[in-house]
Amino acid sequence: MPNNPRHILVTSALPYANGSIHLGHLVEYIQTDIWVRYQKMQGNQAIYVCADDAHGTPIMLRAQAEGITPEELIARTSEEHQADFAGFAIGFDNFHSTHSDENRELATLIYNRLKAGGHIHKRTIKQAYDPEKQMFLPDRFIKGECPRCGAQDQYGDSCEVCGATYSPTELKNAVSVISGAKPVEKESEHYFFALGDFEKEIREWTAAGHIQPAIANKLDEWFDAGLQDWDISRDAPYFGFEIPDAPGKYFYVWLDAPIGYMASFKNLCARREDLDFDTYWKPDSDAEVYHFIGKDIAYFHTLFWPAMLSGAGFRKPTAVYCHGFLTVNGQKMSKSRGTFITARTYLDNLNPEYLRYYYAAKLGDGIDDIDLNL
């Protein structure tokens with residue numbers, strides 16, 4: 001045992017409570033679990049927490065389609081997720097949900113502190129609105145023809161054929177995925193987080209070795225382009241937490257999702273006398289906090305998240321480790337090719353230790369994709 005064991009809090013990205021765990025997800029949880037096991041073998045106190053990401057429009061709509069409440073949907077999904085993780089010997093110290101009292105309290109606290117610091121402001125924006133369902137449409141719930149290349153059946157934010165990004169209002173012959181109606185433009189007042197207020201601080205943090213070089217290079221591009229205010233609100237109907245003093249306005253899922261790391265840890269602290277929440281999250285903490293995530297969500301974890309934490313008087317992560325995607329037989333996972341494999345399908349047919357070993361052998365400290373060659 002080391003004379004001075006390190007106190008380490010480790011998280012993996014929160015799986016979305018709208019679908020099953022698949023082999024692509026497992027890259028991250030297996031990688032994190034191995035790292036945590038190593039830390040424990042070194043005699044350090046390593047706490048591994050996670051939670052289901054349980055808010056947002058897709059969960060609300062799926063629950064409606066199934067004729068159940070969102071709460072029933074996320075409870076069922078949580079049971080399924082935890083059984084799959086256990087099947088792959090993922091050793092969480094706590095698995096919680098973002099739809100929890102702890103997360104509501106922390107999200108409200110962080111928002112109120114950011115607001116008191118002058119980092120939240122309101123602005124009226126125009127958005128696509130479904131006149132039949134009487135709701136604003138997230139980008140992914142609008143489809144149409146790409147304004148650049150003309151490809152059909154493309155989402156409202158980007159084209160999967162030519163790679164162009166655009167706003168939903170630029171789509172040609174756009175329709176609502178929910179009702180098939182033609183979206184109209186409608187104004188709404190939204191709440192924004194002034195990310196640019198923290199540019200100098202986040203630049204210093206990213207330059208100090210807290211992220212991988214490839215991610216730091218990507219961040220330099222975002223800094224050079226200028227940090228935009230971040231829209232943190234969504235209009236009713238929405239499944240999530242209502243913003244304090246703003247009836248009918250809800251926290252965007254990406255605001256309270258990373259706070260779910262803190263909430264899961266707080267939930268664990270209430271049950272364990274040897275753990276103190278503030279000891280880990282105060283600005284001058286000697287404890288260490290590590291996030292393991294996919295490279296596709298680096299923007300949220302290396303810009304928004306440390307800025308939110310700092311603005312609310314909490315510590316920033318010790319490090320954020322990004323990994324690449326999983327390809328199967330050299331290509332993106334595909335249902336039509338039969339390579340979109342769920343954790344449960346694998347567990348029903350093969351030994352989970354095989355996959356753990358394979359991923360361990362393939363993974364390094366970079367963000368390159370890894371291939372599962374069957």
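Side chains included, hydrogens not; waters and symmetry mates left out as well; all remaining heavy atoms used.
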Compute both the distance and the angle, then confirm whether Arg113 meets the cation-pi test with Phe314: under 6.0 Å from the six-membered ring centre, within 45 degrees of the axis.
yes

Pair Asp369 + Lys295, salt bridge at N-O below 4.0 Å:
yes

Measuring only between side-chain heavy atoms, which start at C-beta, is Gln154 closer than 4.5 Å to Glu145?
no

If every non-hydrogen atom of Leu347 is compared with every non-hydrogen atom of Asp84, which pair is closest and at what distance?
CD1-O, 3.9 Å

Is the His291-Tyr321 ring centre distance short of 6.0 angstrom?
no

When every non-hydrogen atom of Ala17 is compared with those of Ile74, the smallest separation belongs to CB-CG2, 3.9 Å

Side chains of Thr124 and Glu189 only: does a donor on one sit below 3.5 Å from an acceptor on the other?
no

So is Lys143 actually on top of Tyr155's ring, under 6.0 Å and inside 45° of the axis?
yes

Pairwise side-chain contact, Trp305 with Ile259, heavy-atom cut-off 4.5 Å (strictly under)
yes

Over 12 foreign heavy atoms within 6.0 Å of OH, Tyr38:
no

May I ask you to test the Trp205-Ile211 pair for a side-chain heavy-atom distance under 4.5 Å?
yes

Scan side-chain atoms only and decide if Asn329 and Arg337 contain a donor-acceptor pair under the 3.5 Å cut-off.
no

Is it the case that atom NZ in Lys122 sees more than 12 heavy atoms from other parts of the structure closer than 6.0 Å?
no

Could you go step by step and tell me if Leu61 and Ile178 meet the side chain to side chain contact (heavy atoms under 4.5 Å, CB included) rule?
CA-CA 9 Å; Leu61 293 173; Ile178 305 167; 3.6 Å; yes

From the list Glu80, His81, His25, side-chain hydrogen bond (donor to acceptor under 3.5 Å, both in side chains) partner of Ser20 resolves to Glu80

Under the side chain to side chain contact (heavy atoms under 4.5 Å, CB included) criterion, do Ile120 and Tyr111 qualify, and how do the steps go?
CA-CA 8 Å; Ile120 304 288; Tyr111 170 81; 3.9 Å; yes

Could you see if Met333 belongs to whatever hydrophobic cluster contains Leu363? Use Ile, Leu, Val, Met, Phe, Trp, Tyr and a side-chain cutoff under 4.5 Å.
yes

Looking only at heavy atoms, which two atoms of Pro58 and Tyr16 are closest? And how far apart?
CD-OH, 3.5 Å

Taking every heavy atom of Phe241 against every heavy atom of Thr98, the minimum-distance pair comes out as CZ-O, 3.3 Å

If you apply the rule side chain to side chain contact (heavy atoms under 4.5 Å, CB included), what do you find for Ser78 with Phe95, and how did you get there?
CA-CA 9 Å; Ser78 178; Phe95 193 89; 4.2 Å; yes

Verdict with supporting geometry, His22 and Phe340, ring pair (Phe, Tyr, Trp, His ring centres under 6.0 Å):
CA-CA 7 Å; His22 57 66; Phe340 190 92; 5.0 Å; yes

With Trp254 as partner, the option from Tyr299, Phe193, Phe300 fulfilling ring-ring contact (aromatic ring centres under 6.0 Å, His included) is Phe300

Going by heavy atoms in the side chains, are Ile90 and Cys50 under 4.5 Å from each other?
no

Applying a strict under-4.5 Å side-chain criterion to I, L, V, M, F, W and Y, I'd like to know whether Leu255 and Val320 cluster together.
yes

Angle class for the Phe92/Tyr48 ring planes (parallel below 30°, perpendicular above 60°, tilted otherwise)?
tilted

Enter the distance from Arg356:CZ to Asn351:CG here, rounded to the nearest 0.5 Å.
11.0 Å

Kindly work out whether a path of hydrophobic side-chain contacts (I/L/V/M/F/W/Y, heavy atoms less than 4.5 Å apart) joins Val27 to Ile21.
yes

Examine distances only and state if a side-chain atom of Thr302 and a backbone atom of Ala298 form a donor-acceptor pair shorter than 3.5 Å.
yes

Looking only at side-chain N and O atoms, does His323 offer a donor or acceptor that is under 3.5 Å from a partner on Gln31?
no

Flag if over 12 foreign heavy atoms under 6.0 Å of CD, Glu273:
no

Indicate whether the side chain of Ser97 and that of Asp52 have a donor and an acceptor atom separated by less than 3.5 Å.
no

Which label fits Phe88 and Tyr346: parallel for a plane angle under 30°, tilted from 30 to 60°, or perpendicular past 60°?
tilted

Can you measure from NE2 (His210) to CD1 (Ile202) and round to the nearest 0.5 angstrom?
10.0 Å

Mark yes when over 12 heavy atoms from residues, nucleotides or ligands other than Asp286 sit less than 6.0 Å from its CG; otherwise mark no.
no

Scan side-chain atoms only and decide if Thr32 and Glu28 contain a donor-acceptor pair under the 3.5 Å cut-off.
no

What pair of heavy atoms forms the shortest contact from Leu268 to Asp93, and how long is it?
CD1-O, 3.7 Å

Closest heavy-atom pair and its distance - Cys159, Cys149:
SG-SG, 3.8 Å

Do other residues, nucleotides or ligands put more than 12 heavy atoms under 6.0 Å from the CG atom of Asn349?
yes

Report yes if some heavy atom in the side chain of Glu221 is under 4.5 Å from a heavy atom in the side chain of Lys218; otherwise report no.
yes

For Asp245, does the CG atom have more than 12 heavy-atom neighbours from other residues, nucleotides or ligands under 6.0 Å away?
no

Looking at residues at least two apart in the chain, or sitting in another chain, which of them share a side chain to side chain contact (heavy atoms under 4.5 Å, CB included) with Ser167?
Thr169, Glu170

Close side-chain approach of Glu71 to His99, heavy-atom, < 4.5 Å:
yes

pair His121-Arg123: side-chain heavy atoms closer than 4.5 Å
yes

Whether over 12 other heavy atoms sit under 6.0 Å from Asp101 CG
no

Exactly one of Tyr252, Tyr250, Tyr238, Tyr129 should register a ring-ring contact (aromatic ring centres under 6.0 Å, His included) with Phe136. Which one does?
Tyr129

Check: Leu374 and Val328 side chains under 4.5 Å, non-hydrogen atoms:
yes

Same cluster or not: are Leu355 and Phe85 linked, directly or through other Ile, Leu, Val, Met, Phe, Trp or Tyr residues, by side-chain heavy atoms under 4.5 angstrom apart?
yes

From CA spacing to verdict: salt bridge (Lys or Arg N to Asp or Glu O under 4.0 Å), Arg203, Glu199
CA-CA 6 Å; Arg203 273 185 185 270; Glu199 180 174 349; 3.0 Å; yes

When you measure from the side chain of Thr345 to the backbone N and O of Ile341, does any donor-acceptor pair fall under 3.5 Å?
no

Flag the pair Lys249 and Glu242 as a salt bridge only when some basic side-chain nitrogen lies within less than 4.0 angstrom of an acidic carboxylate oxygen.
no

SB check Lys316 Glu204 (cutoff 4.0 Å)
no

Check the side chains of His190 and Asp235 for a donor-acceptor pair under 3.5 angstrom, ignoring hydrogens and angles.
yes

What about Met41 and Tyr357, same hydrophobic cluster or not, with Ile/Leu/Val/Met/Phe/Trp/Tyr joined at side-chain heavy-atom distances under 4.5 Å?
no

State the SG-CG distance between Cys322 and Asp365, to the nearest 0.5 angstrom.
12.0 Å

Side chain to side chain contact (heavy atoms under 4.5 Å, CB included) evaluation trace for His301 with Tyr261
CA-CA 12 Å; His301 283 80; Tyr261 301 138; 2.7 Å; yes

Presence of salt bridge, Glu66 and Arg62, under 4.0 angstrom
yes

